[in-house]
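Read the structure below first, then the notes.
Keep in mind that what you see is a predicted model, and the values were worked out from it rather than measured. Computed from heavy atoms alone, side chains included, the values below leave out hydrogens, waters and symmetry copies. Order of the sequence lines fixes the chain letters, A, B, ..., with proteins taken first and strands second; residue numbering starts at 1 for each chain.
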Amino acid sequence: MPHSHDRQAGADNTYAAVFDAVRRIPAGRVTTYGRIARLIGRPRAARQVGYAMHRCPSGLPWHRVINAQGRISLPAASTAALAQRRRLEEEGVVFIGGKVDLDRFGWPDRD
DNA sequence: CGGTTGACTTTCG
DNA sequence: GCGAAAGCCAACC
């Protein structure tokens, strides 16, 4: 383990923790950057989760991560945003007015 | 080493 | 319900 005078898990573990949390999201569910930040013990580091998403490895279900408003956090016209929405819809996630109802599709949530 | 940046969140008008 | 502003924190240059 790292020395305790350092911050919590250590910066090197941050990305791994974020990626691991994202991999735990089941298909057909979504979560928010802030929720992941909280899961890895950094409730205020939501932006860094987004940053980690930009650097995410292939095979990671990054499309299941959206913002707290239930909206895709990318320019609506961008290729990535369109791909994200399409993938989520393929998994059964419903967009209403361009937004996802986090109360129904959010994770963690009821089973 | 220090200012900028950004796939965020929350609050206010 | 929406847009603007402020707050936060690590990566980048």
Of K99(A) and A45(A), whose nearest nucleotide on DNA chain C comes first from the 5' end?
-> K99(A)
Quick one: R35(A) CZ to dT10(B) C1', roughly how many Å, whole number?
-> 15 Å
Selection residues 87-98 of chain A - residue pairs positive for salt bridge (charged side-chain N to carboxylate O under 4.0 Å, His left out), sequence neighbours left out | R64(A)-E91(A), R85(A)-E89(A)
Would you jot down, in residue-number order, the residues of residues 49-68 of chain A having a non-hydrogen atom under 4.0 Å from DNA chain C?
-> Y51(A), R55(A)
C56(A) side chain reached by V22(A) side chain, heavy atoms, under 4.5 Å = no
Can you pull the ring pair (Phe, Tyr, Trp, His ring centres under 6.0 Å) pairs that have at least one residue in residues 17-42 of chain A, sequence neighbours excluded?
-> Y15(A)-F19(A)
Any pair counted as ring pair (Phe, Tyr, Trp, His ring centres under 6.0 Å), so long as it reaches residues 39-81 of chain A, sequence neighbours left out = none
Separation of atom CZ in F19(A) from atom C1' in dA7(B), rounded to whole Å = 12 Å
Give T32(A) one of three labels, base, sugar-phosphate or nothing, depending on what nucleic acid heavy atoms sit under 4.0 Å from its own.
-> sugar-phosphate
Residues which pass side chain to side chain contact (heavy atoms under 4.5 Å, CB included) with P26(A), listed by chain and number, not counting sequence neighbours | R29(A), W107(A)
Separation of dC12(C) atom C1' from Q48(A) atom CD, nearest Å, is 12 Å
Any idea which of dA7(B), dC8(C), dA10(C) is nearest the Y33(A) side chain?
-> dA7(B)
Which residues pass the side chain to side chain contact (heavy atoms under 4.5 Å, CB included) test with R86(A), sequence neighbours left out?
-> A83(A)
Whole-Å distance separating the CZ atom of R47(A) from the C1' atom of dT4(B) = 11 Å
Atom-pair distance (CZ on R38(A); P on dC8(C)), nearest Å = 16 Å
Quickly work out the Y15(A) OH to dC9(C) P distance and round it to whole Å.
-> 17 Å
Value in whole Å for how far the C1' atom of dG3(C) lies from CZ of R71(A) = 13 Å
Could you tell me whether the side chain of N67(A) and the main chain of G70(A) form a donor-acceptor pair under 3.5 Å?
-> yes
What integer distance in Å separates L82(A):CG from dA7(B):C1'?
-> 14 Å
